[in-house]
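Just below is one structure, and these are the notes that go with it.
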Amino acid sequence: MYKKALNVVFLILILVVTGALVFSCFTIHNKNKKIEQNDLKISENKELISNYSESKEKLEQEIADKDSKLKETQSQLEAEKKEKDRLASENANLKTTIEMLKKQNSNTNKICYLTFDDGPSDNTLKVLDVLKRYNVKATFFVIKNSKAEYIKKISEQGHTVGLHTATHSYPLIYSSEEAYYNDLNAISAVVEEQIGIKSNVIRFPGGSSNVISKSYCNGIMTALTKSVKDNGYFYYDWNVDSGDASGTNVRYTVIRDNVLRGARNKNSICVLMHDTSAKSTTVRALPEIIEGLIAMGYRFEALTEYTYSFAHETLSN
Ligand SMILES: [Zn+2]
């Protein structure tokens, strides 16, 4: 009986121990599983952290790049501002010098008539800008072309619009007096349409002393120089040639020096220049011509019917 009871106790004990062992195994298994899951999460988080660090670095690099670009732009802006200030002060100095020279010159009688032939063209607008900058008036002897609307601009800015002929074709205009007046009337009509008044200031293509007309009609210049006066016109030659028509793209320094040399030892000058589309070097030379003439004591005016004609002394035909 005692032995039986002991067996039962022993059996229970075994059952309890076995149960405890099974339970512990189960618990350990679960814990391992959790550890595995945690490990997985840790490795996932590590990957996230490394991705985050990577994109953080990228962003930091982008910010640094943008910073350096910003600094570059700022320094460019500063340099541009400095250059702008320098040009403004240079311009102000130039204006002061011009005003000073003009004051000095207001007491002198030296006078310059700048004239531009064979336009208008796009270069006429550039010439007008330069003249405006120096507050200088000039005269434009125009022909008939597709830029007729610029004739109005010339007049609006206070310059004289003179007639040069419509076609500027020597064989045509110098073939007869009638042909010359037909051509002159054609440009006169264009000018009147643009500025509302007839111009009575003219320049013969090639000047009154031209030789070329002899090939087309003997004695025509002798006849025309008389008859234009009878017809109410005043013709103007020149006494200083810029030489800008002596070739294509004549160097601007040559044009400038021709004018300034030609102006020496004179009191009254009429300067021949051209404002066709091919005369960009004339435009380039103009500021230095004006400044040089101011320094020589000249003041500037536009031609009118009351101006001395500058007629060439000897006719060649
Ligand atoms: Zn001409």
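In each ligand, atom 1 is the first atom listed, and ligand 1 is the first ligand listed.
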May I ask you to decide if the ring planes of His168 and Tyr170 are parallel, tilted or perpendicular, using 30° and 60° as cut-offs?
perpendicular
Parallel, tilted or perpendicular: ring planes of Tyr235 versus Phe204, cut at 30 and 60 degrees:
tilted
Any N/O/S atom of His168 sitting less than 2.8 Å from the Zn ion (ligand 1), backbone or side chain?
yes
What is the ring orientation for Trp238 with His312, classed by angle as parallel under 30°, tilted 30 to 60°, or perpendicular over 60°?
perpendicular
Short check: any N/O/S atom of Asp117 below 2.8 Å from the Zn ion (ligand 1)?
no
Give the name of the N/O/S atom in Asp118 that lies closest to the Zn ion (ligand 1).
OD1
Check this for me: does any side-chain nitrogen of one of Lys69 and Asp65 sit under 4.0 Å from a carboxylate oxygen of the other?
no
